[in-house]
Amino acid sequence: MHFCWISLIILSLNKVQAQFYGGNAYEAFSGQSIRLGLITDDATDRIRQTFEHAISVVNNELGVPLVGESEQVDYGNSIQAFSQLCRLMQSGVGAVFGPAARHTASHLLNACDSKDIPFIYPHLSWGSNPDGFNLHPSPEDIANALYDIVNQFEWSRFIFCYESAEYLNILDHLMTRYGTKGPVIKVMRYDLNLNGNYKSVLRRIRKSEDSRIVVVGSTGGVAELLRQAQQVGIMNEDYTYIIGNLNLHTFDLEEYKYSEANITGIRMFSPDQEEVRDLMEKLHQELGESEPVNSGSTFITMDMALTYDAVRVIAETTKHLPYQPQMLNCSERHDNVQPDGSTFRNYMRSLEIKEKTITGRIYFEGNKRKGFTFDVIELQTSGLVKVGTWEEGMDFEFQRPPQAVNFNDIDDGSLVNKTFVVLISVATMPYASLVESIDTLIGNNQYQGYGVDLIKELADKLGFNFTFRDGGNDYGSFNKSTNSTSGMLKEIVEGRADLAITDLTITSEREEVIDFSIPFMNLGIAILYVKPQKAPPALFSFMDPFSSEVWLYLGIAYLGVSLCFFIIGRLSPIEWDNPYPCIEEPEELENQFTINNSLWFTTGALLQQGSEIAPKALSTRTISAIWWFFTLIMVSSYTANLAAFLTIENPTSPINSVKDLADNKDDVQYGAKRTGSTRNFFSTSEEPIYIKMNEYLNAHPEMLMENNQQGVDKVKAGTKYAFLMESTSIEFNTVRECNLTKVGDPLDEKGYGIAMVKNWPYRDKFNKALLELQEQGVLARLKNKWWNEVGAGVCSAKSDNNGPSELGVDNLSGIYVVLIIGSIISMIISILCWCFFVYKKAKNYAVPFCDALAEEFKIVIRFSENERPLKSAQSIYSRSRNSSQSIESLKTDSEENMPVED
Ligand code: GLU
């Protein structure tokens, strides 16, 4: 009571002093102070600290300082709060900051209104047109921001999840914005009264077809909802949340950062602002508050920020408006009100403040704060990142910063001592295979290959550990329509493996569910086929140098020229010779160019052998010269061409391009790996030729192989089968399988990459290390090792050479055949002539043919003797002669037979 009286006296004195000084009211009251009361139910004491900090900040600029008076009350205890309010009124409070408890605040608001004391509360107002002084954005503006964000996401349906009835205000405004056309909105309430257990609601969400959720509610309620959403299993990449609570930046979001759920929200200030940092510093000193773990987060709540800003508004108002609050009591009397209270409150709402606030620009339209902006924020692995700015009346668009995702911030981004499961395919040489050893190998020692070495090099650089696991032949694909993955892809997506390295092609389809490193190898699809085989040489390949026409004309020329010799010889008198030179005047002359000799002469010349026949006449010599010249040219041409024909062969392949393959030229069948990017290339291509090939592959599933090795084996078997394979793998196989080759140019261009979980935090480090390995030549060294060294060198350069090669028996077999047949024919002729001679002799001596044959045979096989008597004493001929034959006939016999025996 004494206190009241003293206050009253002080107030009266102040008034007298003001009247005395007159004029400038501000100056009149300088040296005084304005009391601000805070009734807080915040157990953490942060609001009080903020309140006091704000007053101390603004007092630096004020002539009439503000004095803060705080009263702590129990949450929801309206009676206690009211008695504190009365106490503040009695002390002459100029404005009162209310507690968080809604009913208590509403109670105090009414009390302050009745006394014309400005009442300030920093929460979302529950009425559409709030009384009191509220810096919190209205439900309508929150609805407007949510509306724009949903539009940016282009949602056609979503769930509106609200905590309690007052948040339906937001829904109401949202529906008003949408009018009759808008997305399908399913409304669900999560109720704190259900023991804080929201799981039944969340399970319903999980079972529903909706995965896009707008959540509005109290800070504690929304945070708990997210926590339970994670427990229920709807905090993953399939779900998107838009949070309509302005305190999202205060949530502990650490656990959701890697969930891949898209969490978007709004905030009014950034932790980087100077005012925020100062306040955090202050709280750090006073309360020992620790720094929040996430980037983009702060423990400064909206309540604190708005309390701070409200103090700023009051301070700015006092700069322009004299305000000397009176001491009041809580009675209902009408005259017992703050005289300048409503003026002061109205003036507060008429100000526009752009600086030194936490929540940005402050100005009012009616009772509602306007002109502010929201940061639209998104949770990424680096924390909360601003992805846009919302402002009323402006078009909202996401403006994600290029480096919004900074994975390296997570536990300093180091890979040291981390262990990763790396998938390999042990059936895919040279990328990975099992080490052949007599010892039993375990762990990573079991595997070798290019991929294995590359991971080891990366591990050496980055310091991580790894465990290899065989992922099988199916590298995997992503089926958009069923939203399912397979093979290695599935292992990575479902978190059972971290990386995969093999001949794994980077494809856009795979990129949808996993990430790839930069390519470590470039390639394209090509055709593996057997090398063109040399055709077996024909029996009469020695005839190849001349065409059959040339042979025909040669034969005709031979006969014609022989005939010419015969005729010209007869026409030339010089060719008629004396057969017995010792007889000077012979009775008859002889011509050497009989038909036999003419043929023999041309034959000798043709075969470059000559004969004893020597033409003497000018005419015969002329034709000889011409014939020799002709044969010289013919034989030289034949010899030159024969060498080329027999040694150089240009084998040709039926398949020279993918077109030949598509046409099944020469009945060549083809296939590819059953599950892989090559098969996928054909099934997705829109080129007519590849569409045709795809149809063929669909119709012939037996041509598809489980892995590349099966394809290589089938090609090797030489059953007119070509295998569509990636060029690097072809290169590897053709170095080892000498009869295989790559046909045609690559059909496309792509690369192999290391597969990793989507948004893998270490991807950048990995890529950098890969680039370094590339620049240092390590990738080239590994490629050379696994392609050209290990197991290579099987195919000699000679076998690859298409130049001349030595002649085999096959090449010259025809000429042997000619020799053999010629020899046989001459044997037959000689036997026939011999038989004829024996027949004639037997007839002459009148001995039986068989006896004569036996006698002559004995002479023939007497190999030691090279002479034969004309007739032997014991021979059957002499015995016969003695008995019946005259000397005359013997003579005749010897004469007749001499030439034959020669
Ligand atoms: N590189 C392919 C893939 O990643 C496998 C081999 C192929 O299809 O030719 O699926």
Side-chain angles (χ1 to χ4, degrees), residues 422-433 449-451 454 470-479 484-493 497 499-529 658 661 670-685 690 693-694 696-698 700-701 703-715 721-734 740 742-756 783 786-787:
V422 185
L423 295 178
I424 49 174
S425 172
V426 294
T428 321
M429 270 297 272
Y431 306 96
S433 64
Y450 176 91
L454 183 53
D470 183 16
N473 289 325
D474 184 3
Y475 301 167
S477 57
F478 169 56
N479 187 333
S484 58
T485 47
S486 60
M488 289 190 184
L489 228 66
K490 187 172 176 156
E491 294 289 289
I492 293 179
V493 167
L499 301 167
I501 186 165
T502 178
D503 52 334
L504 187 63
T505 309
I506 302 172
T507 64
S508 57
E509 173 211 290
R510 288 172 175 163
E511 276 270 8
E512 288 192 32
V513 282
I514 56 164
D515 272 346
F516 281 100
S517 67
I518 53 164
F520 58 81
M521 208 176 266
N522 295 312
L523 58 127
I525 298 172
I527 303 164
L528 179 75
Y529 196 55
V658 71
L661 211 56
Y670 57 91
K673 191 181 162 193
R674 190 183 305 280
T675 54
S677 56
T678 301
R679 179 73 193 86
N680 228 24
F681 169 82
F682 290 99
S683 53
T684 54
S685 175
Y690 301 144
M693 291 175 81
N694 185 46
Y696 171 85
L697 293 173
N698 282 339
H700 296 85
M703 296 293 157
L704 299 174
M705 302 294 138
E706 292 316 315
N707 56 34
N708 281 346
Q709 191 52 49
Q710 283 185 9
V712 173
D713 291 344
K714 195 164 165 70
V715 176
Y721 178 80
F723 192 57
L724 291 155
M725 197 176 176
E726 286 161 334
S727 51
T728 40
S729 303
I730 291 183
E731 203 185 310
F732 172 80
N733 281 291
T734 49
L740 299 187
K742 181 175 120 203
V743 176
D745 295 327
L747 315 187
D748 60 353
E749 279 178 20
K750 49 201 180 187
Y752 293 149
I754 302 174
M756 51 189 71
K783 170 109 194 276
W786 288 103
W787 264 253

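What you see below is based on every heavy atom in this structure, not just the backbone, and it leaves out hydrogens, waters and symmetry mates. Just so you know, ligand 1 is whichever comes first in the structure, and atom 1 is the first atom listed for that ligand.
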Atom pairs, nitrogen or oxygen, ligand 1 to protein, under 3.5 angstrom:
unit_1, atom_1, unit_2, atom_2, d
ligand 1, 1 (N), D503, O, 2.5
ligand 1, 1 (N), T505, OG1, 2.8
ligand 1, 1 (N), E726, OE1, 2.7
ligand 1, 1 (N), E726, OE2, 3.1
ligand 1, 4 (O), D503, O, 3.2
ligand 1, 4 (O), T505, N, 2.9
ligand 1, 4 (O), T505, OG1, 3.2
ligand 1, 4 (O), R510, NH1, 3.0
ligand 1, 8 (O), S677, N, 3.3
ligand 1, 8 (O), T678, N, 3.1
ligand 1, 8 (O), T678, OG1, 3.1
ligand 1, 9 (O), T678, OG1, 2.4
ligand 1, 10 (O), R510, NH2, 2.9
ligand 1, 10 (O), S677, N, 2.9

Spacing of M488 atom CE and S425 atom OG [to the nearest 0.5 Å]
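Here the rounded value is 5.0 Å.
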Atom pair CD/OG of Q709 and S433 - distance to nearest 0.5 Å
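The distance works out to 11.0 Å.
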One pair to check against side-chain hydrogen bond (donor to acceptor under 3.5 Å, both in side chains): Y475 and T507. What are the steps and the verdict?
CA-CA 12 Å; Y475 301 167; T507 64; over 6 Å; no
Using the test salt bridge (charged side-chain N to carboxylate O under 4.0 Å, His left out), find all partners of E731 that sit at least two apart in sequence or belong to another chain.
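Counting only residues at least two positions away or on another chain, E731 forms a salt bridge (charged side-chain N to carboxylate O under 4.0 Å, His left out) with K783.
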Side chain D515, main chain M756, donor-acceptor under 3.5 Å:
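A pair under 3.5 Å: no.
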State yes or no: are the ring centers of Y696 and F682 separated by less than 6.0 Å?
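So the answer is no for these two rings.
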